[in-house]
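Below: the structure, in structure tokens.
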Number of protein chains: 2
Amino acid sequence: MSLHQKFRMTRQRQVILDELKKVHTHPTADQVYAMTRGRLPRISLGTVYRNLEILSASGLIQKLELGRAQKRFDGNAENHYHIRCVSCGCVDDVMCSILTSIEQDLCKTSEYEILGHRLEFLGVCPRCKDKRTGTRKKMKKGGSYGIKGVTD
Amino acid sequence: MSLHQKFRMTRQRQVILDELKKVHTHPTADQVYAMTRGRLPRISLGTVYRNLEILSASGLIQKLELGRAQKRFDGNAENHYHIRCVSCGCVDDVMCSILTSIEQDLCKTSEYEILGHRLEFLGVCPRCKDKRTGTRKKMKKGGSYGIKGVTD
DNA sequence: TTCTATGCAAAGCATTTGCAAGTCC
DNA sequence: GGACTTGCAAATGCTTTGCATAGAA
């Protein structure tokens with residue numbers, strides 16, 4: 001939480017970072033907990049929460065607060081948008097450029113000091129589209145993609 | 001929650017809707033609870049939650065899920081963006097047009113069926129800017145505004 | 001009259017925190 | 001050695017839910 005104190009790379013912290021970098025999914029805290037227990041059978045959920053907080057505050061990972069759903073964490077610390085499946089809750093990266101101008105535009109007209117923006121897309125993931133067999137509108141067939149394919 | 005059943009306009013529901021339309025702030029459930037107790041001293045928080053849910057599901061009001069903070073509710077049901085003060089947590093409307101093209105662009109490249117997007121700005125509200133007396137960077141002095149002025 | 005809504009209290013869930021013991025630099 | 005961390009468990013805070021009673025159509 002602090003980052004006003006130096007932070008140590010403990011084994012727990014390293015493993016959490018490792019596991020997070022290893023996957024392209026966007027795991028929740030309890031998923032990270034599960035992912036680390038193989039290597040650290042005695043780690044506690046509280047430690048996972050604390051470390052995810054510290055790692056994201058230090059910029060090594062990214063904390064995603066999409067909607068009011070459970071927080072998720074992204075081993076990719078670079079600024080990018082996400083899309084969330086309203087059906088299964090999975091989260092994928094969106095390959096589109098960051099909107100820089102909207103903040104500048106708002107600066108001109110707003111009394112606020114603008115610090116940033118948060119953009120998130122909602123949709124139905126390919127897997128869930130397939131599940132609802134036939135019975136729905138607007139079924140894309142095309143093959144191109146702009147979303148990194150991995151999931152929940 | 002349902003809306004598959006007809007819903008009745010009870011006194012509680014009406015008062016909640018009323019009070020919400022009356023203000024331009026974006027109250028949390030417990031603030032709505034406080035706002036209604038003047039007219040309905042015996043209303044319960046649970047009822048407030050249930051009705052806010054029903055009213056927003058029916059489109060009469062809007063439910064705001066900004067970050068993972070407490071939900072807020074907006075008597076203005078029209079689609080518009082919001083800005084949240086990182087210092088005091090207040091929420092204001094942002095007067096800028098809705099981005100329609102980003103979803104269409106994403107449609108072309110994404111395997112997802114795009115259903116919508118959620119955009120939220122972060123900043124420091126005028127009131128909080130004033131509080132930190134002088135001791136900070138980037139103090140706007142200008143008078144124009146693009147944000148409906150009312151607050152938390 | 002019938003089905004929905006209310007009040008109350010208890011439960012739920014994700015997350016945070018206090019504390020004594022352990023560990024890193 | 002001293003500050004930062006951990007594991008454990010309890011606490012927190014917002015929101016939801018079960019249930020018996022009340023109320024709208």
Side-chain angles (χ1 to χ4, degrees), chain A residues 1-19 26-58 60-73 84 89 91 152, chain B residues 1-19 26-58 60-73 84 89 91 152:
Chain A
M1 206 31 146
S2 45
L3 283 200
H4 295 171
Q5 49 200 1
K6 59 209 65 155
F7 85 83
R8 296 171 177 165
M9 191 46 82
T10 61
R11 180 147 167 61
Q12 291 75 340
R13 200 160 289 165
Q14 185 63 63
V15 169
I16 289 172
L17 183 56
D18 258 30
E19 293 293 325
H26 303 75
T28 58
D30 55 293
Q31 288 171 334
V32 173
Y33 176 55
M35 288 158 63
T36 53
R37 299 196 72 179
R39 293 163 70 185
L40 302 168
R42 294 192 52 71
I43 196 172
S44 76
L45 225 204
T47 298
V48 171
Y49 270 106
R50 276 186 284 231
N51 281 321
L52 289 171
E53 202 55 50
I54 290 172
L55 289 171
S56 64
S58 74
L60 291 172
I61 65 170
Q62 207 174 151
K63 172 169 61 175
L64 309 182
E65 307 188 337
L66 308 177
R68 273 188 41 91
Q70 247 174 310
K71 284 181 193 162
R72 288 172 176 273
F73 297 86
R84 185 161 48 104
V91 172
D152 197 19
Chain B
M1 203 36 145
S2 46
L3 282 199
H4 293 171
Q5 50 201 0
K6 62 208 65 159
F7 85 81
R8 296 171 180 169
M9 191 47 81
T10 61
R11 181 147 166 62
Q12 293 72 342
R13 199 160 289 165
Q14 185 64 63
V15 170
I16 289 173
L17 184 55
D18 258 29
E19 294 292 326
H26 304 75
T28 58
D30 55 294
Q31 287 171 333
V32 173
Y33 177 55
M35 288 158 63
T36 53
R37 298 195 71 178
R39 293 163 70 185
L40 303 168
R42 295 192 51 71
I43 196 172
S44 75
L45 226 204
T47 297
V48 171
Y49 270 105
R50 275 186 286 232
N51 281 321
L52 288 171
E53 202 53 52
I54 289 173
L55 289 170
S56 64
S58 73
L60 292 172
I61 65 171
Q62 207 174 149
K63 173 169 59 175
L64 309 182
E65 308 189 339
L66 308 178
R68 272 190 41 89
Q70 244 175 311
K71 284 181 192 164
R72 289 173 175 272
F73 297 87
R84 186 161 47 105
V91 171
D152 200 13

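Side chains included, hydrogens not; waters and symmetry mates left out as well; all remaining heavy atoms used. Please read all numbers here as calculations on a predicted model, not as lab measurements.
Spacing between atom CE of A:Met9 and atom P of D:dT5 amounts to 10 Å, rounded to whole angstrom units. Rounded to a whole Å, the OH atom of B:Tyr33 is 13 Å from the C1' atom of C:dT6. Atom pair B:Arg42:CZ and C:dC8:P shows a separation of 5 Å (rounding to whole Å applied). In this structure, B:Leu17 atom CG and C:dA5 atom C1' are separated by 16 Å, rounded to whole Å. Rounded to whole Å, atom P of D:dA22 lies 18 Å from atom CG of B:Leu40. B:Ile43 places its CD1 atom 13 Å from the C1' atom of C:dC8, with the value rounded to the nearest Å. Going from atom CD1 of A:Ile16 over to atom C1' of D:dG7 covers 13 Å, rounded to whole Å. Rounding to whole angstrom units, CG of residue A:Leu52 and C1' of D:dT6 are separated by 15 Å.
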So which protein N/O to nucleotides 10-15 of chain D N/O distances come out below 3.5 Å?
from   : atom 1 : to      : atom 2 : distance (Å)
D:dT15 : OP1    : B:Lys71 : N      : 2.9
D:dT15 : OP2    : B:Tyr49 : OH     : 2.3
D:dT15 : O5'    : B:Tyr49 : OH     : 3.3

Identify the pairs formed between an N or O of the protein and an N or O of nucleotides 21-23 of chain C at a distance under 3.5 Å, and give each distance.
none

Practice task
Check the pair B:Val15, B:Glu19 against side chain to side chain contact (heavy atoms under 4.5 Å, CB included), reporting the backbone distance first and the verdict last.
Solution key: CA-CA 6 Å; B:Val15 170; B:Glu19 294 292 326; 4.1 Å; yes
Exercise for the section: Determine, step by step, whether A:Leu52 and A:Lys63 satisfy the side chain to side chain contact (heavy atoms under 4.5 Å, CB included) criterion, reporting the C-alpha distance in whole Å, the side-chain angles of both residues, the deciding distance to 0.1 Å, and the verdict. Expected result: CA-CA 8 Å; A:Leu52 289 171; A:Lys63 172 169 61 175; over 6 Å; no
Handout entry: Test side chain to side chain contact (heavy atoms under 4.5 Å, CB included) applied to A:Arg37 and A:Tyr33, step by step
Key = CA-CA 6 Å; A:Arg37 299 196 72 179; A:Tyr33 176 55; 3.3 Å; yes
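At a threshold of 4.5 Å between non-hydrogen side-chain atoms, the residues B:Gln12 and B:Thr36 do not count as touching. Side-chain contact between A:Asn51 and A:Val32: absent, with no pair of heavy atoms (C-beta onward) separated by less than 4.5 Å. Residues B:Arg39 and B:Gln14 form no side-chain contact, since every pair of their non-hydrogen atoms from C-beta on lies 4.5 Å or further apart.
The closest donor-acceptor contact from the side chain of A:Arg72 to the backbone of A:Thr28 lies at 3.5 Å or more, if one exists at all.
For the pair A:Glu53 and A:Lys71, the tightest heavy-atom approach, listed with the atom from each and the gap, is OE1-NZ, 3.9 Å.
Under 4.0 angstrom from either OP1 or OP2 of D:dA24 there lies no side-chain N or O belonging to B:Arg13. Checking the phosphate oxygens (OP1, OP2) of D:dG23, no side-chain nitrogen or oxygen of B:Gln12 falls inside 4.0 Å.
Here A:His26 contributes atom NE2 and A:Leu66 contributes atom CG; the two are 8.5 Å apart, rounded to the nearest 0.5 Å.
At the heavy-atom level, A:Arg11 lies nowhere under 4.0 Å from the strands shown.
Comparing A:Gly46 and B:Thr47 along DNA chain D, the residue whose closest nucleotide (by nearest heavy atom) sits nearer the 5' end is A:Gly46.
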